[in-house]
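As structure tokens, the structure follows; a few thoughts come after it.
Proteins get letters first, then strands, A, B, ... in listed order; numbering begins at 1 in each.
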Amino acid sequence: MTRAVYDPKEIEPKWQRLWADEHTWEVTNEPDERPKSYVLEMLPYPSGEPHIGHLKVYSVGDAIAHFRRRNGYRVLHPLGYDAFGLPAENHAIRTGQHPRESTEASIAEFRRQFKSWGISIDWTREFGTHEPRYYRWTQWIFLRLYEQGLAYRSEAAVNWCPKDQTVLANEQVIDGRCERCGSMVESRSLEQWFFGITEYADRLLESLDDIDWPAHVKTMQRNWIGRSEGARVSFRCEELGTDYGVFTTRPDTLFGATFFVMAPEHPDVLRMSDAPEVREYVERALTASAEERGAEDREKTGVALRRTVTNPVNGEELPVFVADYVLAEYGTGAIMAVPAHDERDFQFAQRFDLPVRQVVGGAEELPFSGEGPMMKSGRFDGLHNREAFDQIVDWLASEGKGERAVNYRLRDWLLSRQRYWGCPIPIVHCPNCGEVAVPDDQLPVELPDVEDYAPQGRSPLAAAEDWVRTTCPRCGGEAERETDTMDTFVDSSWYFLRYCDANNEQAPWDREVLARWMPVDQYIGGVEHAILHLMYARFFTKALADLELLDVQEPFEALFTQGMVTRGGAKMSKSKGNVVSPSDYVERYGADTTRCYILYVGHPAEGGDWADEGIEGIHRFLSRLWRAAEEAPEGPDEPEGEPSDLVRKAHWAIDKVTRDLGERLATHTSLAAVIELVNDLYRLREEVDPSHVRFALATAASLVFPFAPHLGSEVYERIAGDRVWEQPWPQADPDLLTHDEIQLIVQLNGKLIDRLMVPASATREELEQHARGSERLASRLDGGQIVKTIVVPGKLVNFVVD
RNA sequence: GCCCGGGUGGCGGAACGGCAGACGCUGUCGACUCAAAAUCGAUUGCCCGAAAGGGCGUGUGGGUUCGAAUCCCACCCCGGGCACCA
């Protein structure tokens with residue numbers, strides 16, 4: 001007789017078919033008494049086939065989804081594809097294959113593999129962001145923001161590749177060079193579309209306090225927004241009759257200003273001086289790459305403009321310089337320079353031999369950015385600089401020369417791309433009416449087919465002349481379509497809303513339906529999206545809430561960021577040849593084994609190292625569980641008679657998994673607990689009542705189900721005869737979590753010397769008596785005097801000897 | 001430079017201030033087998049010791065405590081983020 005073997009190839013398709021046939025994971029949008037839980041993994045970008053990060057994110061998310069369902073929640077767990085984007089377009093440029101074809105082929109492969117993993121997805125809500133039925137509403141949202149002035153066109157400096165004649169995304173600029181041709185990238189000023197995310201800077205900052213996100217992600221967002229409090233102060237140039245504002249976080253150091261600096265991009269630099277050396281400097285600065293210009297340790301450069309501005313606090317005339325260490329994009333593009341209290345100004349002053357005047361005392365050496373008493377600051381001398389900050393600002397305000405101000409590092413979101421494979425911007429340019437929005441009833445503005453995807457200094461869409469030529473929606477005259485497409489981050493900034501009402505053809509969603517699901521209760525994804533995607537999605541949510549289109553202020557109530565899986569301690573990459581392809585392992589060991597292994601190598605928030613030997617261990621564990629079910633004795637699956645150690649172990653495991661999975665998403669220790677239970681099952685199965693064996697088996701199957709749904713279902717059905725996903729999550733009996741006897745630790749000066757079994761009910765005095773009776777204590781004491789005894793009930797007795 | 005994480009056996013990793021190393025891998029030994037694989041059982045931090053037993057051990061140095069991997073201070077190393085943001 002051949003022994004039966006755990007065969008995932010048989011078990012897994014069987015359950016997958018049943019779940020599909022019975023629409024098990026689908027949920028309706030009808031009202032329901034159960035509390036809702038929206039569990040969502042970050043939208044995958046379909047390129048090639050899924051990688052190990054996808055397997056991990058869905059393994060985590062699915063465990064949460066299953067756990068919540070069995071704890072009484074009605075769970076929305078949808079999936080779609082972030083289908084627009086550069087890789088498909090670059091592929092098209094190389095091969096001529098339409099991006100839609102390559103993308104849809106990838107989507108088909110992703111879908112096939114996701115289904116082979118047995119993830120509990122409501123597939124009726126699936127979509128790709130490249131489908132007109134989706135991007136119609138991306139355009140619709142764009143128009144709503146446009147109406148609010150939150151989407152606008154403006155001139156901006158962008159990365160420009162002189163050889164390819166195209167604008168590049170920041171991600172396409174590698175070490176200052178074009179990723180495709182290797183040319184040095186230049187900065188060019190071009191008309192671009194923006195979203196006014198900076199209007200929401202404060203709200204984006206404040207409501208971080210209301211959401212359950214990892215601290216480091218919140219910190220990254222705070223730093224990115226970069227709010228600084230200070231003052232705006234006017235410096236007048238009498239010769240030109242113009243006031244120049246600066247932003248400073250240190251108005252208390254105004255008396256220490258000894259010169260004034262403008263960024264090369266500042267529009268008034270050449271007005272101040274058009275001397276050849278100034279022109280040359282500005283020219284060079286503008287064409288320098290960010291890399292060349294940005295290095296902090298680089299020596300400061302600049303040119304004197306031979307003009308002065310007046311310091312509003314003391315009337316001093318300060319020489320004006322142009323220098324590229326001042327950034328045009330931040331503040332006003334001009335600064336007051338206080339070399340005594342600013343590192344960069346200090347360096348510049350040293351280089352150009354400018355005076356350094358200390359106005360805040362307490363410094364050991366300059367530059368000094370700490371706090372202290374004011375000096376050389378007229379009537380503010382002696383005040384603490386924090387007080388002087390307020391008084392100087394108030395004084396300037398009363399004189400009309402300054403005011404309190406807040407500045408942000410965050411910039412508006414540049415959303416236009418001169419690219420083909422993206423969502424068209426629904427705007428028409430009319431020679432008479434100017435910029436005109438495409439009316440809602442003409443949406444979607446469909447992406448036309450083109451012959452050549454390569455950018456030629458304009459969007460490839462410009463080549464689709466029939467498409468570009470249109471009539472103005474306002475005056476009916478001849479007009480042209482906007483040929484830029486949207487950044488793909490726009491697509492992914494609202495997809496979680498669409499899932500709630502994915503098949504609505506009248507609107508992007510129904511507000512009431514949305515209110516039934518939003519916010520996402522648990523969002524899961526990689527930390528690489530900590531800033532861009534997560535910031536943009538928060539911005540969209542707030543802007544749409546202001547338009548009264550939805551009722552939440554934050555899209556993602558809780559966020560979980562998974563760590564990266566490595567192999568041999570190194571990041572997986574094709575060039576290293578250490579890439580793990582999920583499909584290979586799913587083929588070899590089955591989805592359950594592969595999913596469990598990735599959840600077992602460490603806490604999913606941390607990294608984890610993939611080892612082929614390790615997955616064998618998990619496969620062994622699942623095989624043991626399966627075989628134990630195969631060999632299970634007949635009988636009931638509720639334990640009869642006195643609870644055995646095995647029954648107690650099962651309750652211990654229930655308690656452990658419930659807490660580890662439910663409270664801290666510790667999938668690795670959850671699985672370890674189930675492994676322990678199965679190990680005990682093998683050890684004790686000959687000794688205990690058959691009902692106890694069956695109870696332990698059913699419990700193990702029930703607990704392993706969120707991680708290994710197919711095997712969990714199979715074993716549970718064999719033992720208990722029911723569908724495990726229809727069963728409530730098991731409850732640990734508190735009485736069975738304790739034992740009659742406990743192990744008492746005996747310590748001498750805090751070091752372990754003995755372990756004794758004593759009754760759990762022992763009082764403090766009894767525990768001490770038991771401990772004093774330890775033979776090892778007697779031999780170790782060796783006549784020493786016990787000066788103190790610490791008793792920790794239920795745990796230990798510590799004798800302190802001098 | 002600044003801000004976060006993190007340093008624990010041969011490896012991945014456990015451990016409310018209270019038994020360091022759960023669980024898995026690897027290695028070693030044994031059972032089954034003609035043999036191997038699979039499986040099952042034992043063992044597996046380091047040092048001394050035949051054993052009983054003892055000593056040492058959580059990056060380094062200090063501190064708090066009856067007791068520290070865990071808390072505090074300083075330092076070293078690794079990973080990540082930001083980086084001329086006035």
Pick the nucleotide of RNA chain B nearest each of Ile675(A) and Arg624(A); which residue has the one closer to the 5' end? Ile675(A)
Contact class for Arg351(A) vs. all strands (heavy atom < 4.0 Å): base, sugar-phosphate, or nothing? nothing
Over how many whole Å does the gap from Leu677(A) atom CG to rG24(B) atom P extend? 13 Å
Of the candidate nucleotides rC84(B), rC66(B), rC3(B), which contains the atom at the shortest distance from the side chain of Lys788(A)? rC66(B)
Tyr330(A): what forms a ring pair (Phe, Tyr, Trp, His ring centres under 6.0 Å) with it, not counting sequence neighbours? none
rU8(B) versus rU60(B) - spacing of their P atoms, nearest Å: 10 Å
Kindly indicate whether the side chain of Tyr682(A) and the base of rC40(B) share any N or O donor-acceptor pair separated by less than 3.5 Å? no
Pick out which of Asn385(A), Val359(A), Ile392(A) makes a side-chain contact (heavy atoms from CB on, under 4.5 Å) with Thr253(A). Val359(A)
Using purine N1 to pyrimidine N3 plus N6-O4 or O6-N4 for Watson-Crick, or N1-O2 and O6-N3 for G-U wobble, both under 3.5 Å, which nucleotide pairs with rC23(B)? rG12(B)
What pair of heavy atoms forms the shortest contact from Leu703(A) to Val674(A), and how long is it? CB-CG2, 3.9 Å
May I ask you to verify if any side-chain N or O of His668(A) is less than 4.0 angstrom from the OP1 or OP2 atom of rA14(B)? yes
Provide a list of protein-nucleic acid N or O atom pairs under 3.5 angstrom, restricted to nucleotides 54-56 of chain B.
unit_1  : atom_1 : unit_2    : atom_2 : d
rG54(B) : OP1    : Arg780(A) : NH1    : 3.3
rC56(B) : OP2    : Lys751(A) : NZ     : 3.2

Is there a side-chain polar atom (N or O) of Arg620(A) under 4.0 Å from OP1 or OP2 of rU26(B)? yes
Give a yes/no answer on whether the side chain of Arg683(A) brings an N or O atom under 4.0 Å of OP1 or OP2 in rC40(B). no
Residue matched to rC82(B) through Watson-Crick or wobble contacts both under 3.5 angstrom: rG1(B)
Within the structure shown, what part of the strands sits under 4.0 Å from Glu613(A) by heavy-atom distance: base, sugar-phosphate, or nothing? sugar-phosphate
Quick check: does any side chain N or O of Asn407(A) sit under 3.5 Å from a backbone N or O of Ser228(A), one acting as donor and the other as acceptor? no
Taking the six-membered ring of Tyr682(A) (Phe, Tyr or Trp), confirm whether the NZ or CZ of Arg685(A) is under 6.0 Å from its centre and within 45° of its axis. yes
More 5' along RNA chain B: Val792(A) or Val601(A), using each one's nearest nucleotide? Val601(A)
Interatomic distance, Asp609(A) CG vs rG12(B) C1' [rounded to whole Å]: 7 Å
Test side-chain hydrogen bond (donor to acceptor under 3.5 Å, both in side chains) on Gln347(A) and Tyr325(A); report intermediate values, then the result. CA-CA 11 Å; Gln347(A) 285 173 14; Tyr325(A) 81 92; over 6 Å; no
For Phe389(A), does the six-membered ring have the charged nitrogen or CZ of Arg386(A) within the cation-pi criterion, i.e. under 6.0 angstrom from the centroid and within 45° of the normal? no
What is the nucleic acid contact for Glu616(A), judged by heavy atoms within less than 4.0 Å: base, sugar-phosphate only, or nothing? nothing
Please tell me which of the listed nucleotides, rC84(B), rC66(B), rG81(B), lies nearest to the side chain of Lys300(A)? rC84(B)
Side-chain N or O of Tyr600(A) less than 4.0 angstrom from OP1 or OP2 on rG24(B)? no
Tyr589(A) OH to rG24(B) P: how many Å, rounded? 17 Å
Please give the distance between the C1' atoms of rA69(B) and rG59(B) as a whole number of Å. 12 Å
By salt bridge (charged side-chain N to carboxylate O under 4.0 Å, His left out), which residues pair with Arg764(A), not counting sequence neighbours? none
Suppose you measure atom C1' in rG79(B) against the same atom in rA31(B); what distance do you get, rounded to whole Å? 46 Å
What is the distance, rounded to the nearest whole Å, between atom CG of Asn223(A) and atom C1' of rG80(B)? 13 Å
Have a look at Asn679(A) and say if it touches a base, only the backbone sugar-phosphate, or nothing, with a 4.0 Å heavy-atom cut-off. sugar-phosphate
Could you tell me whether a side-chain N or O of Asp243(A) sits under 3.5 Å from a main-chain N or O of Ser234(A), the two making a donor and an acceptor? no
Nearest whole Å is fine: how far is rA14(B) C1' from Asp660(A) CG? 10 Å
Expressed as a whole number of Å, how far does the P atom of rA68(B) sit from that of rG63(B)? 12 Å
Specify the separation, in whole Å, of atom NZ of Lys795(A) and atom P of rC66(B). 18 Å
Counting N and O atoms only, with roles assigned by atom type, does the side chain of His603(A) sit under 3.5 Å from a partner on the main chain of Arg664(A), one being a donor and the other an acceptor? yes
I need the CD-C1' distance between Glu265(A) and rC84(B), as an integer number of Å. 13 Å
Given the C1' atoms of rC71(B) and rG55(B), what is the spacing between them in whole Å? 28 Å
Among rC84(B), rG67(B), rA22(B), the one nearest Glu676(A) by side-chain distance: rA22(B)
Look at the side chain of Glu343(A) against the base of rG1(B) and say whether a donor-acceptor pair falls under 3.5 Å; ignore hydrogens and angles. no
Measure from the side chain of Val800(A), starting at C-beta and using heavy atoms only, and say which of rA22(B), rC84(B), rC66(B) lies closest. rC66(B)
Nearest whole angstrom, please: distance from the C1' of rA52(B) to the CD1 of Ile753(A). 17 Å
Anti versus syn assignment for rG9(B), with syn defined as within 90° of 0: syn
Which nucleotide in the list rG67(B), rA83(B), rA15(B) gets nearest to the side chain of Arg409(A)? rA83(B)
Write down the distance separating the P atoms in rU70(B) and rU58(B), rounded off to the nearest Å. 9 Å
Could you tell me which nucleotide pairs with rC40(B) by Watson-Crick or G-U wobble geometry, both distances under 3.5 Å, or answer none if nothing does? rG30(B)
May I ask you to say what Ser228(A) touches in the nucleic acid, namely base, sugar-phosphate or nothing, with a heavy-atom cut-off under 4.0 Å? sugar-phosphate
